[in-house]
Amino acid sequence: MSRPDGRGSRRLSRWWRRRSLRTRLTVIAATAIAASVFMAFQVASELLDWELRNTAEDQLRADSRVLAANAERAGLAQVQLPPYPGSGRLVRIILPDGSIRTPVGQPALPPVSEHAGRVAQGASADLMESGDSDDDGYLVHTLRAGGGAVQVARAADDTPINRFGLGMLLIGLFCVACGALVGRAVARTGLAPIDRLTAAAVRVAHTRDLDADIPDEGGGEIRELIQSINDMLAALQDSRRAQRLLAEDAAHELKTPLTSLRLNIELLVRLDRRGTLDSALPSESRTRLLNDLGAQVAELSTLAAELTDLARGDVTDENTELLDLADVVVAASAQACSRMPDVEVALDVTSVWVSGRPAALRRAVLNLIDNAGKWSPADQPVQVRLSAQGTSAVLEVDDAGPGIDATDVPRVFDRFYRADSARALPGSGLGLSIVQRVVDAHGGQATVGRSPRGGALLRVDLPAVPIARLTAGDDTAVR
């Protein structure tokens, strides 16, 4: 039996979730008013019934005392009982022998109950009892008098309660209808900012116009929602602008090597078609041309890899872990030496633990060494130093080159930026921009200064992991 009930509950839940918020608010308001009216009806009905019953009982007691007084004076058998007028109270005399007397024409009352008989026999002074049935009911008060008892009864009348219930029903229906209308109006008014917000969001989705600022209206949660959406639109606009600039810069940087590569390939193809390749290009010139082609392809490959790293930003599947930054620096230095055999790298590193992504940090260190290697003279090594200073891991990479002009320092970490003196050297201008992004992602700082040897000094500060944390057990996470 529980399975159909479960399906019905799920069906009702799905139906409710598919209703609009305005409809739900209307239904909730009408239901709340209906429940309130029903509870008020129940309480009022009980109070009214209690009040009517108390009034009837008081009246019966008063009538019983009057009848008992008459019976005491005239005797139970001789007391006058006027004919029944057709409505009102009903009376009955219980004689000492158990027989009864009633007025002429009066409807029959229920038989004398056992408890009423005991009152007539002197067991108690009086008794209030009710006899209810499906057809009719009576409220009967029995009072001892003159060796027997007198009874005054009144037929139970539910007419006031029924009328009151009908009135409450009509009032309840009216209140529910008014509540539904008021709830609908309140929902419409309260959700008007949401409707305008939805329309603005739909307009932005259709027009792709992220400059459309949604008016700040309403208050409380509505205002916070509008401000949040405006902040989201601003962030999307910044992201789109950054993507557009990246695409424009990438197209500009790719244009030069692609043009050179295309011209060289077209020259080789044209000479090969004419059959004059061997005569027009001696062996030495051909070797030089092929080397140029290889260098251009390598430059394009490097540029494509750096563009990929820059476009990915912080989106990576690499997990953060505790690692010794000295291992990362040594691995990056070895990779740099394999890529630049003519450049010497002098290491002075100490063990410093940080929390970070190994591959990203290795790429940043490699870019720093590559940048220094382009400027370092052949007889001067690139110096790489790693030390712990306070709560930071400090990495310094310097060279003995010409250094960086003061006018170029503020833009060193800008993507695609290359100083005038660096335009003749290979590179894309993305290496230090990637360094900046990796350092920022790790909560660090990258700065530029002048080396004691006269060249550039690039410094990276990263938050170090305290030794106490490692000895407390976190070193188990290090791989």
Side-chain angles (χ1 to χ4, degrees), residues 231 235 238-239 242 305-306 308-336 345-373 382-399 404 409-415 417 430-452 455-479:
D231 293 341
D238 293 340
S239 177
E306 290 177 340
T308 301
D309 288 344
L310 192 64
R312 286 174 58 191
D314 296 335
V315 180
T316 175
D317 294 333
E318 188 180 11
N319 293 325
T320 299
E321 60 182 78
L322 290 175
L323 51 90
D324 190 348
L325 191 57
D327 296 337
V328 175
V329 173
V330 171
S333 300
Q335 186 176 356
V345 178
L347 292 176
D348 181 13
V349 299
T350 57
S351 178
V352 185
W353 291 87
V354 298
S355 177
R357 302 185 179 101
L361 290 173
R362 185 167 60 251
R363 180 59 187 261
V365 176
L366 178 61
N367 287 354
L368 290 173
I369 298 175
D370 282 345
N371 180 78
V382 174
Q383 295 185 353
V384 180
R385 296 181 294 275
L386 175 64
S387 60
Q389 298 182 15
T391 59
S392 299
V394 179
L395 173 66
E396 295 180 331
V397 179
D398 71 53
D399 59 71
I404 301 175
V409 169
R411 302 191 59 188
V412 164
F413 294 105
D414 292 349
R415 63 184 179 207
Y417 178 75
L430 291 175
L432 294 183
S433 178
I434 294 174
V435 171
Q436 178 75 64
R437 183 173 294 244
V438 171
V439 172
D440 289 344
H442 286 77
Q445 183 180 14
T447 56
V448 180
R450 180 166 290 275
S451 168
L457 173 63
L458 296 175
R459 171 171 170 152
V460 171
D461 292 71
L462 295 175
V465 176
I467 299 298
R469 178 180 169 186
L470 293 175
T471 58
D474 285 350
D475 54 341
T476 58
V478 179
R479 292 195 292 266

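Residue numbers run from 1 in the order of the sequence given.
- Looking only at side-chain heavy atoms (C-beta outward), E396 and D348 stay at 4.5 Å or farther from each other.
- Residues V382 and A372 approach most closely at CG1-CB, 3.6 Å, considering heavy atoms.
- The two atoms that bring V354 and A464 nearest to each other are CG1-CA, 4.2 Å, heavy atoms only.
- The shortest distance between side-chain heavy atoms of S333 and I369 falls below 4.5 Å.
- Residues L323 and L361 meet the side-chain proximity criterion, which asks for heavy atoms closer than 4.5 Å.
- Salt bridge status for D398 with R385: present, with a side-chain N to carboxylate O gap under 4.0 Å.
- Across all their heavy atoms, A360 and V438 have their closest contact at O-CG1, 3.6 Å.
- No side-chain heavy atom of L395 sits under 4.5 Å from any side-chain heavy atom of R459.
- Put simply, the side chain of L457 does not reach to within 4.5 Å of the side chain of T447, judged on heavy atoms.
- Residues S355 and E321 fail the side-chain proximity criterion, which asks for heavy atoms closer than 4.5 Å.
- Every residue two or more places apart in sequence or in another chain was checked for a salt bridge (Lys or Arg N to Asp or Glu O under 4.0 Å) with R362, and none qualifies.
- A donor-acceptor contact closer than 3.5 angstrom links the side chains of S351 and D324.
- Residues A332 and V365 approach most closely at CB-CG1, 3.6 Å, considering heavy atoms.
- A heavy-atom distance below 4.5 Å is not found between the side chains of D327 and V329.
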Worksheet entry | Check against side-chain contact (heavy atoms from CB on, under 4.5 Å), V328 and V330 | CA-CA 6 Å; V328 175; V330 171; over 6 Å; no

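- Taking CD of Q335 as the reference point, atom CZ of R363 lies at 8.5 Å (rounded to 0.5 Å).
- Counting all heavy atoms, side chain and backbone alike, L325 lies closest to A393 at CD2-CB, 4.1 Å.
- T350 places a side-chain N or O within donor-acceptor distance of the main-chain N or O of L386, the cut-off being under 3.5 Å.
- Nearest heavy-atom pair, S392 versus D461, reported as atom, atom and distance to 0.1 Å: CB-OD2, 4.3 Å.
- The backbone N or O of P463 lies less than 3.5 Å from no partner atom in the side chain of H442, so there is not a single donor-acceptor pair.
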